[in-house]
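Down below is the structure, laid out as structure tokens.
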Amino acid sequence: MATTKTLIAAEGRTVHLPDGSEWPKEGLPDPNTHFTRRRIADSDLIEKPAGTADLETPAPSDPPQFTQIEEPAETVTETKRSTAKKSEGDK
């Protein structure tokens with residue numbers, strides 16, 4: 001019985017499926033189509049190594065620490081107007 005290989009995007013590559021969505025990080029079974037054969041030939045897709053568990057990022061034990069942003073001490077309410085000479089049309 002033939003086993004199907006699972007294809008994943010090569011490191012540093014983003015591969016889009018024909019429908020425009022991204023190739024899943026966990027990989028997809030190889031449908032052996034012209035599209036996948038071309039992506040393999042271009043080294044965009046590679047065969048997922050056997051025995052490799054799905055890579056998942058472990059949840060951090062501590063939530064990220066956020067710093068409070070302080071409000072500015074003063075705000076400028078007025079701006080200087082231009083002192084340039086007005087043209088004759090701006091009377």
Side-chain angles (χ1 to χ4, degrees):
M1 178 178 187
T3 59
T4 59
K5 57 186 174 181
T6 301
L7 299 175
I8 58 173
E11 188 173 339
R13 304 281 178 110
T14 301
V15 178
H16 292 277
L17 293 165
D19 67 359
S21 61
E22 285 189 16
W23 195 274
K25 300 261 187 241
E26 64 275 1
L28 289 175
D30 182 11
N32 196 21
T33 62
H34 177 74
F35 174 79
T36 57
R37 289 191 302 267
R38 178 59 188 253
R39 299 285 70 80
I40 292 168
D42 291 343
S43 300
D44 293 331
L45 290 176
I46 58 172
E47 187 173 349
K48 184 176 183 178
T52 304
D54 289 335
L55 301 175
E56 291 185 16
T57 305
S61 58
D62 296 326
Q65 299 296 318
F66 296 104
T67 58
Q68 183 68 27
I69 298 175
E70 296 179 16
E71 293 293 324
E74 295 181 17
T75 58
V76 179
T77 57
E78 287 189 37
T79 59
K80 278 190 167 181
R81 293 191 177 250
S82 175
T83 57
K85 187 175 180 182
K86 293 184 178 180
S87 66
E88 289 184 27
D90 293 338
K91 291 184 179 179

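The side chain to side chain contact (heavy atoms under 4.5 Å, CB included) test applied to Asn32 returns Asp30, Arg37, not counting sequence neighbours.
Linking ILVMFWY side-chain heavy atoms closer than 4.5 Å, directly or via other members, places Val15 and Ile46 in two distinct hydrophobic clusters.
Separating the CG atom in Leu17 from the CD atom in Glu22 is a distance of 9.0 Å, to the nearest 0.5 Å. The line from NZ of Lys5 to OG1 of Thr36 is 8.0 Å long, rounded to the nearest 0.5 Å. Lys48 NZ to Leu7 CG: the interatomic distance, rounded to the nearest 0.5 Å, is 11.0 Å. Separation of atoms CG (Leu28) and CD1 (Ile8) is listed at 11.0 Å; rounding is to 0.5 Å.
Between the side chain of Asp19 and the backbone N or O of Ser21 there is at least one donor-acceptor pair closer than 3.5 Å.
A cation-pi arrangement is present between Arg39 and Phe35, with the terminal nitrogen or guanidinium carbon under 6.0 Å from the aromatic centre and inside a 45° cone about the axis.
Nearest approach of Ala10 to Ser43, heavy atoms of both residues: CB-O, 3.4 Å.
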